[in-house]
Amino acid sequence: MDLLADLDRRGLIHDSTDRAALAARLDGGPIGVYVGFDPTADSLHVGHLVGQLYLRRFQLAGHRPFPLAGGATGMVGDPSGRSDERNLLDLETLRHNVSRIEAQLQRILDFSPGRYQARLVNNADWTEPLSLLNFLRDVGKFVTINQMLAKDSVRSRLDSESGLSFTEFSYSLLQANDFRHLYEHEGVEMQAGGSDQWGNIVAGVDLIRRSLGKAAHAMTHPLVTKADGAKFGKSADGAVWLDPDKTSPYQFRQFWMQVDDVMVGRYLQMFSLRPLDALTGVLDEQTGAPGKRVAQRALADELTELVHGAEALAAVRAATDVLFGGDPMLATEATLAAVAREVPASKLQSAALVDLVGVLVGTGLASSNSDARRTLQQKGFRANGVVLTEDSQLTGLPRLHGRFLLLRKGKTNHHLVEIS
RNA sequence: GGGUCGGUACCCAAGCGGCCAAAGGGAGCAGACUGUAAAUCUGCCGGCUCAGCCUUCGUAGGUUCGAAUCCUUCCCGGCCCA
């Protein structure tokens with residue numbers, strides 16, 4: 001199917017420059033496309049996945065993706081969607097973040113040599129050498145303050161208490177300059193991003209037209225939201241990161257497994273790289289029997305494999321089968337060892353088992369002794385599938401393969417204890 | 001700088017001398033239903049050696065048999081005046 005039509009049907013087009021012109025250009029042969037990622041943290045999170053996958057979709061359709069790490073723009077801070085001035089990160093943190101993010105950007109795209117080879121760029125490379133005077137002459141001259149003031153992101157901040165610093169005000173100029181630089185030197189003719197980036201992206205399109213007399217293209221995707229309108233990608237413990245050290249592959253997959261029914265179809269279309277035709281079967285099955293969660297499973301498996309690899313996915317699935325499948329007593333020893341690597345786990349001396357409340361707090365399943373007792377009274381804890389009460393003795397319970405005790409709080413919180 | 005109103009638990013917000021570990025709502029946790037969903041219902045929601053005790057109502061003192069509640073100091077925030 002035609003790329004634009006595909007993106008459209010997936011609900012991935014929020015805004016675009018002249019659609020017909022863009023379609024004609026895409027038909028004309030490979031085009032360079034860029035998406036920028038700001039290094040505000042040392043890892044990307046699931047919210048960034050849409051942008052990364054956008055690039056991948058273009059690559060699969062025969063175009064050249066340019067993921068951009070905002071080493072320069074990250075120093076300034078994007079005012080879009082912010083009600084307060086950003087705190088600037090120090091240089092060292094920023095460099096660290098950029099290097100971590102660069103590694104993550106290399107995962108989803110194909111960087112092997114060829115016509116469609118992805119290329120990672122960092123805007124610090126051309127922004128740092130830029131002198132202030134040249135910037136004012138080559139960028140500033142083409143932009144009117146009137147236009148900049150008209151932007152929503154600027155206007156809302158002008159009325160606010162905290163105001164808007166000149167630094168953040170200038171942000172969109174830097175991003176516009178990025179686009180022009182990539183246009184001139186790398187043949188990048190299109191920029192994509194979230195709908196909150198529309199203003200910044202168009203600033204680049206304008207700059208290219210005014211200074212080079214050329215037409216560039218732009219397209220944004222809708223920001224992903226949850227069923228209740230809340231920000232996507234936040235779990236109770238914070239953002240869901242792509243870095244396995246910050247969010248384990250198990251937690252990552254769980255995040256997708258627990259997606260609301262009402263959103264899962266939409267997410268599958270937005271995030272899956274599989275052809276839409278291949279998704280209709282899954283979506284039909286989901287609608288017919290939502291309890292089976294086939295859509296959640298498909299989504300979770302595909303993204304976990306994409307971000308963490310096939311091996312990690314296999315390990316996580318094996319663990320999940322034990323945790324959410326049948327009787328843990330039936331799990332093999334190898335599987336339990338895998339579980340130990342995927343869910344929170346700890347080792348305990350068998351003497352420590354005497355203190356039930358102590359164990360529950362020690363594993364982090366309960367936040368305090370009071371919490372542990374309370375949840376026990378509410379039948380919230382299980383060990384090896386058996387409900388615990390305040391009088392339960394962990395000591396007497398049969399251990400899985402002689403040394404494991406699988407604790408569970410509620411339905412989804414597990415902890416594996418290895419007894420020595 | 002002057003005046004004024006305010007700072008209560010994770011968030012919002014009542015309380016305005018004892019019945020206050022502190023109403024109500026939200027968030028969160030557990031249970032029931034079901035499906036690792038949503039909605040709904042029920043319970044919980046400072047801590048502990050848990051029929052009791054300890055520590056909390058911006059901070060530090062004071063009045064009182066007794067203070068989140070009254071007085072004073074200081075810190076922070078809103079508004080008004082300069």
Return yes if a side-chain donor-acceptor contact under 3.5 Å exists between A:Glu302 and A:Ser272, otherwise no.
yes
For A:Gln254, answer base if it contacts any base atom (sugar-phosphate contacts may also be present), sugar-phosphate if it contacts only those atoms, and nothing otherwise; contact means non-hydrogen atoms under 4.0 Å.
base
Check RNA chain B against residues 307-320 of chain A and give the residues with a non-hydrogen atom under 4.0 Å, in numerical order.
A:Thr320
Does any nucleotide pair with B:rU72 by Watson-Crick or G-U wobble geometry, both distances under 3.5 Å, and what is it?
B:rA60
If a pair satisfies ring-ring contact (aromatic ring centres under 6.0 Å, His included) and one of its residues is in residues 302-341 of chain A, list it, with sequence neighbours excluded.
A:Phe252-A:His308, A:Phe324-A:His414
Using only atom types and a distance under 3.5 Å, with no angle test, would you say the side chain of A:Thr17 pairs donor to acceptor with the backbone of A:Ala218?
yes
What's the CG-C1' distance between A:Asp301 and B:rU36, to the nearest Å?
14 Å
For B:rG1, give its Watson-Crick or G-U wobble partner with both distances under 3.5 Å, or none.
B:rC81
Look at all strands and tell whether A:Asp321 reaches a base, only sugar-phosphate, or nothing, counting heavy atoms closer than 4.0 Å.
nothing
What orientation do A:Phe232 and A:Trp256 show, parallel under 30°, tilted 30 to 60°, or perpendicular over 60°?
tilted
Treating A:Asn384 as the side-chain partner and A:Leu406 as the backbone partner, does any N or O pair qualify as donor plus acceptor under 3.5 Å?
yes
Which value, in whole Å, describes the distance between the P atoms of nucleotides B:rG18 and B:rA51?
27 Å
Residues passing the salt bridge (charged side-chain N to carboxylate O under 4.0 Å, His left out) test with A:Asp125, sequence neighbours excluded, are none
What nucleic acid atoms does A:Gly380 come within less than 4.0 Å of, heavy atoms only: base, sugar-phosphate, or nothing?
sugar-phosphate
Would you measure the distance from the P atom in B:rC29 across to the matching atom in B:rA13 and give it in whole Å?
24 Å
Side-chain ion pair, A:Glu333 and A:Arg403, N-O less than 4.0 Å:
yes
Residues at least two apart in sequence or cross-chain that pass side chain to side chain donor-acceptor pair (under 3.5 Å) with A:Arg64, listed by chain then number, are none
Yes or no on side-chain hydrogen bond (donor to acceptor under 3.5 Å, both in side chains) for A:Thr127 and A:Asn177, after CA distance, side-chain angles and deciding distance?
CA-CA 8 Å; A:Thr127 308; A:Asn177 187 52; 4.9 Å; no
C1' spacing across the pair B:rG26 / B:rG77, given as an integer number of angstrom:
23 Å
Can you tell me, in whole Å, how much space there is between the P of B:rG58 and that of B:rU49?
29 Å
When you compare the protein's N or O atoms with those of nucleotides 37-39 of chain B, which come within less than 3.5 Å of each other, and at what distance?
{"unit_1": "B:rA37", "atom_1": "O4'", "unit_2": "A:Arg293", "atom_2": "NH1", "d": "3.2"}
{"unit_1": "B:rA37", "atom_1": "O2'", "unit_2": "A:Asp260", "atom_2": "OD1", "d": "3.3"}
{"unit_1": "B:rA37", "atom_1": "N3", "unit_2": "A:Asp261", "atom_2": "OD2", "d": "3.2"}

Modelled atom types, side-chain donor and acceptor of A:Gln191 and A:Gln197, under 3.5 Å
no
Every protein N/O lying under 3.5 Å from an N/O of nucleotides 43-46 of chain B:
{"unit_1": "B:rG43", "atom_1": "N2", "unit_2": "A:Gln378", "atom_2": "OE1", "d": "3.0"}
{"unit_1": "B:rG43", "atom_1": "N2", "unit_2": "A:Gln378", "atom_2": "NE2", "d": "3.4"}
{"unit_1": "B:rG43", "atom_1": "N3", "unit_2": "A:Gln378", "atom_2": "OE1", "d": "3.1"}
{"unit_1": "B:rC44", "atom_1": "O4'", "unit_2": "A:Gln378", "atom_2": "OE1", "d": "3.4"}
{"unit_1": "B:rC44", "atom_1": "O2'", "unit_2": "A:Arg374", "atom_2": "NE", "d": "3.2"}

Where along residues 331-338 of chain A does a heavy atom come under 4.0 Å from RNA chain B, residue by residue in number order?
none
Interatomic distance at C1', B:rG1 relative to B:rU8, whole Å
31 Å
Fit a plane to each ring of A:Phe169 and A:Phe166, take the angle between them on a 0 to 90° scale, and name the class: parallel (under 30°), tilted (30 to 60°) or perpendicular (over 60°).
tilted
Atom-pair distance (CG on A:Leu360; P on B:rC29), nearest Å
17 Å
If the sugar-phosphate is the primed atoms plus P, OP1 and OP2 and the base is the rest, what is the B/S/- string for nucleotides 50-56 of chain B, using protein heavy atoms under 4.0 Å?
B------
Using the C1' atoms only, state how far B:rA9 lies from B:rC44, rounded to an integer number of Å.
15 Å
Could you check whether A:Arg253 pairs with A:Asp301 (Lys NZ or Arg NE/NH1/NH2 to Asp/Glu carboxylate O, under 4.0 Å)?
yes
Does the side chain of A:Asn413 get closer than 4.0 angstrom to OP1 or OP2 of B:rA30 through an N or O atom?
yes
Using the P atom in both, what is the distance from B:rG52 to B:rG62, to the nearest Å?
31 Å
A:Arg317 and A:Asp321 ion-paired at < 4.0 Å:
no
Apply side chain to side chain donor-acceptor pair (under 3.5 Å) to A:Arg373 and list each qualifying residue two or more places apart in sequence or on a separate chain.
none
B:rU72 versus B:rA21 - spacing of their P atoms, nearest Å:
27 Å
Report the residue from A:Gln251, A:Lys246, A:His48, A:Gln104 that forms a side-chain contact (heavy atoms from CB on, under 4.5 Å) with A:Trp241.
A:Lys246
List for me each residue that meets salt bridge (charged side-chain N to carboxylate O under 4.0 Å, His left out) alongside A:Arg57, sequence neighbours excluded, and say none if there are none.
none
Check residues 338-365 of chain A and write down every donor-acceptor pair under 3.5 Å in which the side-chain atom is one partner and the other belongs to a residue at least two apart or another chain.
{"unit_1": "A:Ser346", "atom_1": "OG", "unit_2": "A:His415", "atom_2": "NE2", "d": "2.7"}
{"unit_1": "A:Asp355", "atom_1": "OD1", "unit_2": "A:Gly358", "atom_2": "N", "d": "3.0"}
{"unit_1": "A:Thr363", "atom_1": "OG1", "unit_2": "A:Val359", "atom_2": "O", "d": "3.2"}
{"unit_1": "A:Thr363", "atom_1": "OG1", "unit_2": "A:Leu360", "atom_2": "O", "d": "2.9"}
{"unit_1": "A:Thr363", "atom_1": "OG1", "unit_2": "A:Leu365", "atom_2": "N", "d": "3.4"}

Need the pair for B:rC29. Rule: Watson-Crick or G-U wobble, both distances under 3.5 Å, any strand; none if unpaired.
B:rG43
Atom-to-atom span, CD of A:Glu285 to C1' of B:rG35 - whole angstrom:
14 Å
Base, sugar-phosphate or nothing for A:Lys292? Non-hydrogen atoms, less than 4.0 Å.
nothing
Across all chains, not counting sequence neighbours, the side chain to side chain donor-acceptor pair (under 3.5 Å) partners of A:Thr280 are none
